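Please read the structure below before turning to the comments.
Keep in mind that the numbers below use all heavy atoms, side chains included, and drop hydrogens, waters and symmetry copies. What you see is a predicted model, and the numbers here were worked out from it, not measured in a lab. Below, read A as the first sequence line, B as the second, and so on, with proteins coming before strands; counting in each chain starts at 1.
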Number of protein chains: 2
Amino acid sequence: MATRTRLSREARQDQLLDLGAELFADRSYEDVHIEELAEEAGVSRGLLYHYFPTKRAFFAAMVRRESSRMSELTKTDSSLPILAQLHQGIESYLDYCEGHKMGVKAVFHGGASADPEIQAIVEHDMQVQQERILTAVEPGGKPTELTQIAVRSWLHFLRNACHSWLDSKNVSRDEIRDLCVHTLVATLLALPEDSRPSGIAELAP
Amino acid sequence: MATRTRLSREARQDQLLDLGAELFADRSYEDVHIEELAEEAGVSRGLLYHYFPTKRAFFAAMVRRESSRMSELTKTDSSLPILAQLHQGIESYLDYCEGHKMGVKAVFHGGASADPEIQAIVEHDMQVQQERILTAVEPGGKPTELTQIAVRSWLHFLRNACHSWLDSKNVSRDEIRDLCVHTLVATLLALPEDSRPSGIAELAP
DNA sequence: GGGATTACTGAATGTCAGTCCAATAAGACT
DNA sequence: AGTCTTATTGGACTGACATTCAGTAATCCC
């Protein structure tokens with residue numbers, strides 16, 4: 001073994017999480033072994049356990065980091081008109097996807113994993129996005145359960161569309177953006193009158 | 001121990017798969033141990049391995065069974081007009097969800113599992129649904145990649161909407177059905193002209 | 001330089017999945 | 001009843017991995 005290199009807590013954690021995102025991007029949770037992770041990072045297995053109590057906790061930490069990065073990046077300027085905010089939000093989400101392919105894929109795997117801790121992170125994240133949209137579209141009012149389901153389901157639509165786009169060759173960024181924008185607007189407009197958010201009415205054709 | 005009961009291959013397999021769906025419905029793959037599964041089924045561990053070569057194979061068999069049940073149930077009458085087919089398809093999907101909550105949840109978990117075999121089953125299933133829709137909406141023509149992404153993303157929308165509905169109290173079946181129908185129609189109509197399926201044009205408002 | 005701190009190591013341990021197989025008994029058939 | 005088929009048992013064994021912990025050595029600070 002080469003001379004042991006010693007890094008600060010933060011630097012080492014970042015290095016490990018980066019590597020984790022990379023490995024988990026195209027292999028499943030159980031396919032990636034702690035030993036391999038350690039080996040590729042050039043550290044011992046023990047060090048991993050020094051920083052993260054369990055393998056799941058390590059995975060969760062990686063998901064949490066990606067998740068909050070994304071959340072940070074996709075904040076929009078709430079003084080803009082709704083349609084502009086929507087455009088902006090999706091553009092920055094696409095930016096994030098392009099810039100962090102590894103993280104996106106890794107989180108995508110973990111997203112539906114039935115582990116409660118990881119589930120909770122992804123869930124919380126989606127909740128935040130959902131509330132951003134709902135308050136943008138109807139500030140003050142409280143949305144019906146149907147409206148919430150509509151928005152949440154659209155978030156799944158968005159996530160899948162962007163994920164598919166990463167693997168596609170013949171689809172432009174603008175096409176995906178417009179697809180998602182139109183779908184959300186149309187979905188909200190088609191809601192029954194008592195569920196339709198007031199802020200969206202102005203966008204009717 | 002109680003008197004040993006002897007079943008036919010098929011009956012035993014069904015019993016085990018039923019139990020599997022139940023256990024995997026609200027716990028993750030690795031949380032459910034083979035030993036526990038065997039114990040709850042009232043059989044020995046050895047018997048499980050007599051019928052299924054590995055734990056993953058067992059899980060995969062369960063997913064495959066649920067998956068094909070669902071696929072069978074959601075076939076539509078292709079002589080009907082498109083909108084009617086869409087209604088009918090969604091209605092029967094809702095039927096399936098109501099009647100097989102355990103299976104739905106278990107498959108929902110498995111869907112994101114990165115195991116190639118299981119991934120392939122769920123993937124294949126979604127592919128079938130996608131093609132059903134695409135040929136209904138544009139028989140003969142070959143859809144663009146964008147159209148495919150639109151339909152596939154809508155399937156995620158559908159899946160999530162129905163899944164959310166199972167846990168919701170104040171949302172009616174009809175509301176969910178209409179939400180999904182309107183969203184698909186609007187999404188396809190909003191596609192750029194060269195991607196827009198011909199069969200959907202007649203539905204334009 | 002020397003001592004304190006703490007990043008880091010790797011052999012040992014524990015938990016499961018999966019194997020093997022000789023022994024057992026339930027049900028079918030005559 | 002007796003015989004045959006085969007579903008079923010159970011437990012000892014292996015191997016793969018996650019996880020532990022007592023100890024080692026960089027770096028910091030005086």
Let me know the distance between CZ of B:Phe52 and C1' of C:dA17, rounded to the nearest Å. 16 Å
Calculate the interatomic distance between A:Lys55 atom NZ and D:dT19 atom P; express it in whole Å. 8 Å
For nucleotides 25-30 of chain C, read 5' to 3', which letter fits each nucleotide if B means a protein heavy atom sits under 4.0 Å from the base, S means only the sugar-phosphate is that close, and - means neither? BBS---
Rounded to whole Å, the CG-P distance (A:Leu48 to D:dT20) equals 13 Å
Between A:Arg12 (CZ) and C:dT9 (C1'), how many Å, whole number? 12 Å
Rounded to the nearest angstrom, tell me the gap between atom CD in A:Glu10 and atom C1' in C:dA7. 15 Å
Taking for each residue the nucleotide of DNA chain C bearing the nearest heavy atom, is the 5' side occupied by B:Glu30 or by A:Gly46? A:Gly46
Any salt bridge linking A:Glu39 with A:Arg45? Criterion: basic side-chain nitrogen under 4.0 Å from a carboxylate oxygen. no
Per nearest nucleotide of DNA chain D, the residue lying toward the 5' end, A:Pro53 or B:Leu47, is B:Leu47
Do A:His156 and B:Phe157 have ring centroids that are under 6.0 Å from one another? no
Answer yes or no: does a side-chain N or O of A:His50 lie under 4.0 Å from OP1 or OP2 of C:dA7? yes
Are A:Tyr49 and D:dT20 close enough that a side-chain N or O sits under 4.0 Å from OP1 or OP2? no
Which distance, rounded to the nearest 0.5 Å, do you find between the CD of B:Glu91 and the CZ of B:Arg173? 4.5 Å
May I ask you to test the A:Asp115-A:Phe59 pair for a side-chain heavy-atom distance under 4.5 Å? no
How long is the line joining CD of B:Glu36 and P of C:dC16, in whole Å? 10 Å
Considering every strand and a 4.0 Å limit on heavy-atom distances, what is the contact class for B:Tyr51: base, sugar-phosphate, or nothing? sugar-phosphate
Measure from CD on A:Glu35 to P on D:dG15 and round the result to the nearest Å. 17 Å
D:dG11, D:dA7, C:dT9: which one has an atom nearest the side-chain heavy atoms of A:Ser44? C:dT9
Which part of the nucleic acid, if any, lies within reach of A:Ser8 when heavy atoms closer than 4.0 Å are counted: base, sugar-phosphate only, or nothing? nothing
Check every strand shown and say whether B:Ile34 touches a base, only sugar-phosphate, or nothing at a heavy-atom separation below 4.0 Å. sugar-phosphate
B:Arg9 vs D:dA7: side-chain N/O to OP1/OP2 distance below 4.0 Å: yes
Would you mind reading off the distance between A:Leu16 atom CG and C:dA7 atom C1', rounded to a whole angstrom? 12 Å
Distance in Å, B:Glu123 CD paired with B:Ile121 CD1, rounded so as to fall on 0.5 Å steps: 11.5 Å
Report which part of the nucleic acid A:Arg45 touches: base, sugar-phosphate, or nothing (heavy-atom distance under 4.0 Å, all strands). base
Check whether any side-chain heavy atom of A:Met70 lies under 4.5 Å from a side-chain heavy atom of A:Asp125, and answer yes or no. yes
Is the phosphate of D:dA16, meaning OP1 or OP2, less than 4.0 Å from a side-chain N or O of A:His33? no
No-hydrogen, no-angle side-chain donor-acceptor test under 3.5 Å, A:Asp77 and A:Ser79: yes
Value rounded to 0.5 Å, distance of CG in A:Leu86 from CD1 in A:Ile133: 7.0 Å
